[in-house]
Amino acid sequence: MDRYDHQSIEKKWQERWAKEKSFHASDTSRREKKYILDMFPYPSAEGLHVGHPEGYTASDIYSRYLRMKGFEVLHPMGFDAFGLPAENYALKTGTHPAVTTAKNIENMRRQIQSLGFSYDWDREVITSDPKYYRWTQWIFLKLFEHGLAYEADAPINWCPKDKTGLANEEVIDGKCERCGTPVTKKKIKQWLVKITDERYIERLLNDLDKVDWPENIKLLQKNWIGKSEGAEIVFKIQNPKLQTRELTVFTTRPDTIFGATYMVVAPEHPLVQDALSMVENKSEVEKYIHSAVNKSDLERTDLVKVKTGVELKGIKAIRPVDGQEIPIWAADYVLMSYGTGAIMAVPAHDQRDFEFAKKYSLPVKQVMAPFFQNTEDLKLRSDKPMVRRKLVYGIVRNPKNNDVLCLRWKKYDWVSFVVGGVEDGEDLITAAKREIAEETGYINLKFVEEINWQTHFTFFAKHKNENRYGMASGVVFDLVDETRHQIHNEEKEKHEPVWVSEHKVLDAVTHLNAKEIWQYYVKPAAFIGEGVAINSGEYDGLTTVQCKKKIIARLEKDGRGRFKVQYKLRDWLFSRQRYWGEPIPIVHCEHCRKQKKETIVIIHGTGSNGKANWYDWLATKLRELGHQVIVPDMPDSKQPDREQWLTALETLKNAFDEHTILIGHSLGGIAAMYFLASRKKKIKKLILVAPTSTEMDWTEFQKQHPDNPAAWQRKFHEAELRYADVQKNTEKISYYYSDNDAYIPAEIPEWYKKKLRGDYHLLPGRNHFSLKNGHAYTFPEVLEEIVGKNPLPVGVNPVHEKDLPVELPNVKKYEPTGTGESPLASIEKWVNVKCPKCGKPAKRETNTMPQWAGSNWYFLRYCDPKNDKKLADPKKLEKWLPVDMYIGGAEHAVLHLLYARFIYKFLCDIEVVPKSFVKKHGDEPFTKLKNQGLILGEDGQKMSKSRGNVINPDEVIKKFGADTMRMYEMFMGPFEDAKPWSTQGMIGVKRFLERVWNVFVDQPAQVSAPAMATMNKRTHQLVKKITVDIEQFKFNTAVSEYMKYTNAVAEAPAEFLKQDFEVLLRLLSPFAPHLSEELWEQLGHKESISKEPWPSFDPKLIVEDEITIVVQINGKVRDQMKVASDISEDEAKKLALSSEKVLKWLDGKQPKKVIYIKGRLVSIVV
RNA sequence: GCCGCCGUGGUGGAAUUGGUAUACACAAGGGACUUAAAAUCCCUCGGUCGCAAGGCCUUGUCGGUUCGAGUCCGACCGGCGGCACCA
């Protein structure tokens, strides 16, 4: 036999596998399927990186292993071929990106194939192929149809010098990668995908629990989604001249609302512009806003530590719970992009607000007291009464040496400050002074400061035989001189004064609440934990959790707020101003846009406002679709006056024409009718939602609702209402009512039915369509009535499905336009098209999709890569999905994996993936995920051209062979860890493979011996270990196991037979397939080793008959003994205790305890 | 700052999940074969004391739980990754 010539062997087998399509995945096979997926690469000009084969080898080993185990394995490969580098190269050289890309793909495919991976190349997908991106575009159309893709102004990174938009990767340290100019933000109209949609976001969060992924990746996604629960609270703004009457904030701590001492809005907040004309410090505000808005991201993050802001002088907000007026500031520590862009600042309980308040001397009001519950001997006793006491800590400092006066308690192991009760009518300072004199005798004290900080605690007061609830704050004094009064004996028995150095106070003091006060005194900070409400009126004494609930309930009742869930996740920016990407299949049509849209006016009911109930939700939805919506706050809504309301509506008269839809809820309904009856012109539609009526019995109403003064209502409904005129002045009437409305008796809708023609909709169980009874935040029925089932924005028209793909035009120039538009915008021939809706001249969308667009669904296409009728045949999807194992780099932990999950869920929802399948397998695409660790350069640094530590896989393969490279990459270390490359280390693996080869050369007798005897025990053990290691992705220990095994063979070759070698080759074939195939063939087999079954082992044969047991004395190994593996506990102990060494170590002493761990050790305790 | 992960010989790493720490490999040193080199094979290889038998110490540092800790708990030190004013 020849020398191990890896080059010719590897070439031979790669050609044979390709020719015979050895790794074809059959769609029709009856065998159980497995789908093993690699993250497909970007075809870069540099070609393959040594990092790629790590993941590919692992997945290849796993795939080959599963095939041998009898599974039908889908193991595909493709290319994520759209992207920036090809476009940048085109800019430089004029070479078409398609050409560059094709060349790079060819090279990379060759490199990948030279490693002998078992891909089914017939299923290759390339995202830049029109046959592929046709379906990427199709998915976009579906997203658009379902309201999940929309246009909005969004900021892009903009290089003012190059006049071009930049991708995030092109921004290095806040500067343009090419010219070094600081990057600014520019707002342009862009496409966004609504990944935050309520139909998806909770599923994206919760379904993480259903997948077998590394915990850190799941956590990364969870944090990225960033869910927080709290409340949305509406603050009234007192200045009547402002258009903005309200400021809505989001907070996770509604329980601290009484501590909101000021408001902050982001510099970009609309209130700022609105208020500008009437603030007293206009130029100051303007200056601040200008500098804040123009700060780059870099500057904003750089200045994290220094918060800046400016007060909007002359404008105040009103705290809803107690009507307190508080100032409003604009500051860039509040971000427009999160929540509502405005906060209520609670400096006592939020660190950022605290820093800001300190800097600008704003009041800090504590409303949550830290609470400590004492345990052990101070534990509360349920049979004793609870007494609340106000306490004060008297902290005395000696200015000469900075020592602090403490008390050491004699009966207990305590140290505290002087502490005592505050008597009724006594102020803190007097009380503290009195206690200090009584307990320590010091009388000459100089008042320094009151620590305006309360802590609460409970304990059982033994001396009084009662439970105590203490509320403590502190007063600080300086010691003037050491004059001391006599102390009572009673006090002397209890405790003694001790002086503690100020640095040691925290260690010395034993009471947690005293420590807390001291800490606040030394370094005041916000208390962000949970506690007990104080200074909060009727809410005092409630815990944070209780207080949150009560305050939210109160705000909801008042229509001033509601429970709210907020996420950090933003919508997915889905357009790029680039050439080399999928064109967005949309046509913008001016003609369609110009068609008149409806104006919608919503009139609220008694005691409500325009933001309450479902009004805001409906208004937002309608505005998103391009409608004009007016939701006026009606004057004096608690005591509504008809004439005032009609006057208010009269001021909106320009809004009423034949396109107007008027919605009135409750009293707003009757108001709408009075208004309509007084007019001469028609409107389009009147929608009445549980309207009141002139027929209402207000006496009965008052009985039912004693807290709701009906007098105003009665007065409102007194005037005559000509229902015929109402009917006359509207094209259509639509009426919504409920079957359990506490305010509108059931006969009222019946009465209306006779009086007004229209569509009457009964919606059971909806109460009065208001917040007070239930959670009427949304009203999808009315929305659908106005805009239809799947509303689309006007003038933005999707390309017909049959016209897909919208192919990229062939161009010569790739320069950006300088306006921030895509290079496609200048290709007039392509841009100008007929509107797919009206046929008039229109323009194509010129933005292209981001790279994620093609990569978030490619694993579906592998199931049916050539289908030109559908994205993929449902039957084939059913056959292969979900992906059983997905392998790739952790850098895709958040974006790619989140987007892919989202798109997959969407495709499940629209039944591209069959419903029955989803029901059975769920809607998570990747059951199991493994991240390969980074391969570093030989210097332990990240590989990079500039460091010159890049390893070229082509050279490695040429010199050492594909099998050696594959095995070495597995041997380097744990699959998921980062690890440095070592060419030296590879030599060890190469030697190993040569040894395997030489075993056949040197031991022909044994190898060819007839396989009569049973397989070696060592081989059984090998089968077990390798099987377990592959299942657990512990490839590094698997390789070491092969090495140990061959070392054992080399030591005693005569003990191993042909069948042992055959098993070794089968086990080795996933790791080193070329060598294994070659030797397998040389052993006389005709069929490929990949078609062989995976070896099995006999568990009985693995057990050694003789094992070594260790004897420990007091935890130290003192002896070893060889015993039969089935030795009993008693025998083992007896044997251990009789060992010579053990006797010597025991030295006559009797063992206290003897522990036996089966098959491991005997532990003797002396 | 917050969240997560990690720290074992000269190096990459192993350790049956709480049970003989340093498997397997690389490097280094010594030897065999050879005119020589490469290749190959054999021996040594955590530290320290000892002629030896053997003892003592050792998994970033300190402390704890346990018969027993690289593994569990607490504090600290150092490194890596993610997020970064998210109300």
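Residue numbers start from 1 in every chain, and the chains themselves are labelled A, B, ... in the order their sequence lines are given, proteins ahead of strands. Reckoned from all heavy atoms, side chains included, excluding hydrogens, waters and symmetry mates.
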Check your understanding: Start at the 5' end of RNA chain B and walk down; is the nucleotide closest to A:M986 or to A:L219 reached first?
Key -> A:L219

Review point. Using a cut-off of 4.0 Å on non-hydrogen atoms, how would the nucleic acid contact of A:D977 be classed: base, sugar-phosphate, or nothing?
Key: nothing

Revision key, fill the gap. Closest to the side chain of A:Q984, out of B:A87, B:G55, B:C26, is B:C26

Practice item. Specify the glycosidic conformation (syn or anti) of B:G63, with syn defined as within 90° of 0. Key: anti

Point to revise | Parallel, tilted or perpendicular: rings of A:W329 and A:Y360 (30°, 60°) | key: tilted

Exercise for review: Assign A:W1145 to base, sugar-phosphate, or nothing according to its heavy-atom contacts below 4.0 angstrom with the strands shown.
Suggested key: sugar-phosphate

Revision key, fill the gap. Rounded to whole Å, OH of A:Y333 lies from C1' of B:G1 at a distance of 16 Å

Practice item. Please state the C1' separation for the pair B:C26 and B:G9 - nearest whole angstrom. Key: 13 Å

Check your understanding: In whole angstroms, how far is the P atom of B:C5 from the NZ atom of A:K218?
Key -> 14 Å

Practice item. If B:G50 has a Watson-Crick or G-U wobble mate with both distances under 3.5 Å, name it; if not, just say none. Key: none

Practice item. Return no unless some side-chain N or O of A:R991 is found under 4.0 Å from OP1 or OP2 of B:C26. Key: yes

Check your understanding: Looking at A:R991 and A:E994, does any basic side-chain N land under 4.0 Å from a carboxylate oxygen?
Key -> no

Review point. Is the A:Y567-A:W224 ring centre distance short of 6.0 angstrom?
Key: no

Practice item. Could you tell me which nucleotide pairs with B:U22 by Watson-Crick or G-U wobble geometry, both distances under 3.5 Å, or answer none if nothing does? Key: none

Exercise for review: Select base, sugar-phosphate, or nothing to describe what A:A978 touches, counting heavy atoms under 4.0 Å on all strands.
Suggested key: sugar-phosphate

Review point. Which nucleotide in the list B:G12, B:C3, B:A25 gets nearest to the side chain of A:M1043?
Key: B:A25

Review point. Between A:F975 and A:F1033, how do the two ring planes meet: parallel, tilted or perpendicular, split at 30° and 60°?
Key: perpendicular

**Study point:** Interatomic distance at C1', B:C42 relative to B:U8, whole Å
**Key:** 29 Å

Review point. With a 4.0 Å cut-off, would you call A:R560 and A:E246 a salt bridge?
Key: yes

Exercise for review: Give A:F992 one of three labels, base, sugar-phosphate or nothing, depending on what nucleic acid heavy atoms sit under 4.0 Å from its own.
Suggested key: nothing

Practice item. Measure from CG on A:L220 to P on B:G4 and round the result to the nearest Å. Key: 12 Å

Practice item. Output yes when A:E202 and A:K227 qualify as a salt bridge under the 4.0 Å nitrogen-oxygen rule, no when they do not. Key: yes

Review point. For A:L936 and B:G13, what is the distance between atoms CG and C1' respectively, to the nearest whole Å?
Key: 15 Å

Review point. What nucleic acid atoms does A:S337 come within less than 4.0 Å of, heavy atoms only: base, sugar-phosphate, or nothing?
Key: nothing

Review point. Any chance NZ of A:K1133 has more than 12 other-residue heavy atoms, nucleotides or ligands included, within less than 6.0 Å?
Key: yes

Practice item. Looking only at side-chain atoms of A:K979, point me to the closest of B:U20, B:C24, B:G12. Key: B:G12

Check your understanding: Nearest-Å distance, NZ (A:K227) to C1' (B:C83)?
Key -> 20 Å

Point to revise | Passing candidate, side chain to side chain contact (heavy atoms under 4.5 Å, CB included) with A:M263, options A:I343, A:L271, A:I328 | key: A:I328

Practice item. Could you measure between the two C1' atoms, the one in B:U11 and the one in B:C5, and give it in whole Å? Key: 23 Å

Review point. Is the closest side-chain donor-acceptor distance between A:S1163 and A:Y1156 under 3.5 Å?
Key: no

Exercise for review: Could you give the distance separating B:G19 and B:A69 at their C1' atoms, to the nearest angstrom?
Suggested key: 10 Å

Practice item. Check every strand shown and say whether A:Q566 touches a base, only sugar-phosphate, or nothing at a heavy-atom separation below 4.0 Å. Key: nothing

Point to revise | Pairwise C1' distance for B:U58 and B:U20, with rounding to whole Å | key: 15 Å

Check your understanding: Is the distance between the ring centroids of A:F1071 and A:Y1042 under 6.0 Å?
Key -> yes

Point to revise | Matching residue for A:T1046 among A:L1068, A:V996, A:L1022 - test: side chain to side chain contact (heavy atoms under 4.5 Å, CB included) | key: A:V996

Exercise for review: Indicate, with a heavy-atom threshold strictly under 4.0 Å, whether A:R570 touches base, sugar-phosphate, or nothing.
Suggested key: base

Practice item. Could you please name the partner base of B:C5, counting Watson-Crick and G-U wobble pairs only when both distances are under 3.5 Å? Key: B:G79

Review point. Going 5' to 3' along nucleotides 65-80 of chain B, which nucleotides have protein heavy atoms under 4.0 Å from the base (write B), which only from the sugar-phosphate (write S), and which from neither (write -)?
Key: --BS------------

Practice item. Let me know the distance between CZ of A:F971 and P of B:U11, rounded to the nearest Å. Key: 17 Å

Point to revise | Interatomic distance where CD1 belongs to A:I343 and C1' belongs to B:A87 [whole Å] | key: 6 Å

Review point. Counting only Watson-Crick or G-U wobble pairs whose two distances fall under 3.5 Å, which nucleotide matches B:A28?
Key: B:U44

Practice item. For B:G12 versus B:U65, give the span between their C1' atoms, rounded off to a whole number of Å. Key: 34 Å

Point to revise | d(CG, A:N1047; P, B:A23) in whole Å | key: 13 Å

**Study point:** Side-chain N or O of A:N1036 closer than 4.0 Å to phosphate OP1/OP2 of B:A14
**Key:** yes

Review point. Is the base of B:C85 touched by the side chain of A:K307 through a donor-acceptor pair closer than 3.5 angstrom?
Key: yes

Exercise for review: For A:K1116, answer base if it contacts any base atom (sugar-phosphate contacts may also be present), sugar-phosphate if it contacts only those atoms, and nothing otherwise; contact means non-hydrogen atoms under 4.0 Å.
Suggested key: sugar-phosphate

Protein N or O to nucleotides 15-17 of chain B N or O, pairs below 3.5 Å:
from	atom 1	to	atom 2	distance (Å)
B:A15	OP1	A:K1034	NZ	3.4
B:U16	O2	A:R1160	NH2	2.5
B:U16	N3	A:R1160	NH1	3.0
B:U16	N3	A:R1160	NH2	2.5
B:U16	O4	A:R1160	NH1	3.1

Review point. Which whole number of Å gives the distance between the C1' atom of B:G29 and that of B:C83?
Key: 50 Å

Point to revise | Distance, nearest 0.5 Å, that separates OG1 of A:T983 from CZ of A:F960 | key: 6.0 Å

